[in-house]
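Worksheet: the structure to be examined is printed underneath.
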Amino acid sequence: MANKDDNKLIELSLLGDHHAFGILVKKYEKPMYRTAWGIVKNSDTAKDITQSAFIKCWNNLDSYNSNYRFYSWLYRIIVNEALNYVRDKKQHSPLSIHHSDGNNPYLQLLQKEEHLALAEALGELSADHRIVIQLRHFEEMSYRDIAHILEIPPKTVKSRLYSARILLKDLLA
């Protein structure tokens with residue numbers, strides 16, 4: 001149902017309705033920003049990347065294929081923008097790891113230390129490995145959706161995830 005709503009907003013946007021596109025931006029800006037931030041680990045850069053991705057989206061809206069989910073198409077744009085930034089700047093920063101604040105200070109400290117170690121290990125991975133981890137484990141996307149976004153076969157997604165997990169295990173050992 002959401003894709004039908006998105007497709008209607010896209011049709012209106014293509015007819016020049018800026019308000020309709022604004023609704024799409026409002027609907028997707030937070031998950032797109034979160035994805036960009038997970039890749040570049042800088043708030044200002046993530047905002048710039050998100051804005052750039054929405055501009056690309058607007059400029060290429062006529063190339064969107066309504067047989068696919070708009071969300072996946074937009075995700076591919078944001079991931080490509082973020083990866084281009086990382087490749088251009090050759091930045092390898094760790095992913096954000098969120099932890100819950102329990103009532104036990106000792107457990108909080110242990111959790112924080114574990115999360116910091118994991119974040120550091122994730123930062124050692126290549127951009128290709130980090131992005132599949134980000135999309136699969138932090139954005140909870142399916143292999144098929146990840147493959148579509150990254151424009152790679154689902155088997156490559158599975159292979160990269162497997163390799164990334166092995167590397168993480170070795171880094172954490």
Side-chain angles (χ1 to χ4, degrees), residues 2 25 27-57 60 68-173:
V25 170
K27 181 177 180 181
Y28 292 112
E29 68 185 337
K30 286 183 182 175
M32 296 303 119
Y33 167 82
R34 190 173 56 243
T35 298
W37 192 87
I39 296 168
V40 300
K41 289 295 279 183
N42 179 289
S43 180
D44 291 334
T45 302
K47 287 176 187 175
D48 290 344
I49 289 169
T50 303
Q51 182 178 18
S52 175
F54 278 113
I55 290 169
K56 275 195 176 177
C57 174
N60 296 294
Y68 298 101
R69 289 178 33 202
F70 175 72
Y71 182 74
S72 296
W73 184 74
L74 182 58
Y75 235 95
R76 182 173 29 196
I77 293 171
I78 195 82
V79 166
N80 287 340
E81 287 291 300
L83 288 177
N84 287 340
Y85 175 84
V86 168
R87 286 180 186 131
D88 289 347
K89 300 295 181 186
K90 297 192 188 307
Q91 289 187 344
H92 294 284
S93 57
L95 291 170
S96 173
I97 308 295
H98 301 288
H99 64 280
S100 64
D101 293 325
N103 293 329
N104 185 325
Y106 176 72
L107 291 177
Q108 285 179 349
L109 180 62
L110 283 179
Q111 253 186 343
K112 187 173 183 179
E113 287 175 359
E114 288 172 356
H115 287 203
L116 288 173
L118 181 57
E120 186 176 313
L122 287 167
E124 297 293 319
L125 297 178
S126 70
D128 287 339
H129 284 125
R130 283 192 305 147
I131 193 61
V132 293
I133 293 286
Q134 170 76 22
L135 294 176
R136 179 69 179 154
H137 295 290
F138 296 98
E139 301 299 329
E140 299 177 350
M141 298 184 86
S142 70
Y143 293 120
R144 194 178 109 241
D145 287 343
I146 296 169
H148 180 72
I149 288 167
L150 298 178
E151 297 178 323
I152 59 176
K155 287 185 177 185
T156 303
V157 172
K158 290 179 184 178
S159 173
R160 283 187 191 170
L161 272 170
Y162 178 78
S163 298
R165 290 173 182 147
I166 295 293
L167 290 168
L168 279 175
K169 180 182 172 191
D170 290 345
L171 289 167
L172 292 170

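Asn80 CG to Lys56 NZ: the interatomic distance, rounded to the nearest 0.5 Å, is 8.0 Å. Distance check, rounded to the nearest 0.5 Å: CZ of Arg144 to OG of Ser72 gives 7.5 Å. In this structure, Leu150 CG and Leu83 CG are separated by 7.0 Å, a value rounded to the nearest 0.5 Å. Within the model, atoms CG of Leu167 and CG of Leu125 stand 6.0 Å from one another, a figure rounded to the nearest 0.5 Å. Atom CZ in Arg69 sits 11.0 Å away from atom CG in Leu74 (nearest 0.5 Å). Put simply, CZ on Arg34 and OG1 on Thr50 are 11.0 Å apart, with the number rounded to the nearest 0.5 Å.
Remark: side-chain polar atoms of Ser159 are not paired, donor with acceptor, to backbone N or O of Lys155 under 3.5 angstrom.
Nearest heavy-atom pair across Ile49 and Ala36 is CG2-CB, 3.9 Å. Residues Lys27 and Pro31 approach most closely at O-CD, 4.2 Å, considering heavy atoms. Here the shortest heavy-atom pairing between Ile152 and Arg160 reads CD1-NH1, 3.6 Å. Between Ala82 and Ile39, the closest heavy-atom pair is CB-CD1, 3.7 Å. Taking both residues in full, the closest heavy atoms of Ser163 and His129 are given as CB-NE2, 3.5 Å, listed atom of the first, atom of the second, then distance. The shortest heavy-atom contact between Pro153 and Ala147 is C-CB, 3.9 Å.
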>> With side-chain contact (heavy atoms from CB on, under 4.5 Å) as the criterion, how do Ile131 and Val86 come out once you've worked through the C-alpha distance, each side chain's angles and the decisive distance to 0.1 Å?
In response: CA-CA 11 Å; Ile131 193 61; Val86 168; over 6 Å; no

>> One pair to check against side-chain contact (heavy atoms from CB on, under 4.5 Å): Phe54 and Ile78. What are the steps and the verdict?
In response: CA-CA 8 Å; Phe54 278 113; Ile78 195 82; over 6 Å; no

> Could you walk me through whether Asp48 and Tyr85 pass the side-chain contact (heavy atoms from CB on, under 4.5 Å) check?
Replying inline: CA-CA 10 Å; Asp48 290 344; Tyr85 175 84; over 6 Å; no

>> For His137 and Leu161: C-alpha separation, side-chain torsions, deciding distance, then whether side-chain contact (heavy atoms from CB on, under 4.5 Å) applies.
In response: CA-CA 10 Å; His137 295 290; Leu161 272 170; 4.2 Å; yes

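Inter-residue side-chain proximity for Asp145 and Tyr75 is flagged as unmet; no heavy-atom pair is nearer than 4.5 Å. Considering only heavy atoms from C-beta on, Arg136 comes within 4.5 Å of Tyr143 through its side chain. By the 4.5 Å heavy-atom criterion applied to side chains, Gln51 and Tyr33 are not counted as neighbours. Met32 is not listed as a side-chain neighbour of Ile77, based on a closest heavy-atom distance of 4.5 Å or more.
Using cut-offs of 30° and 60° on the angle between ring planes, the pair His148 and Tyr68 is parallel.
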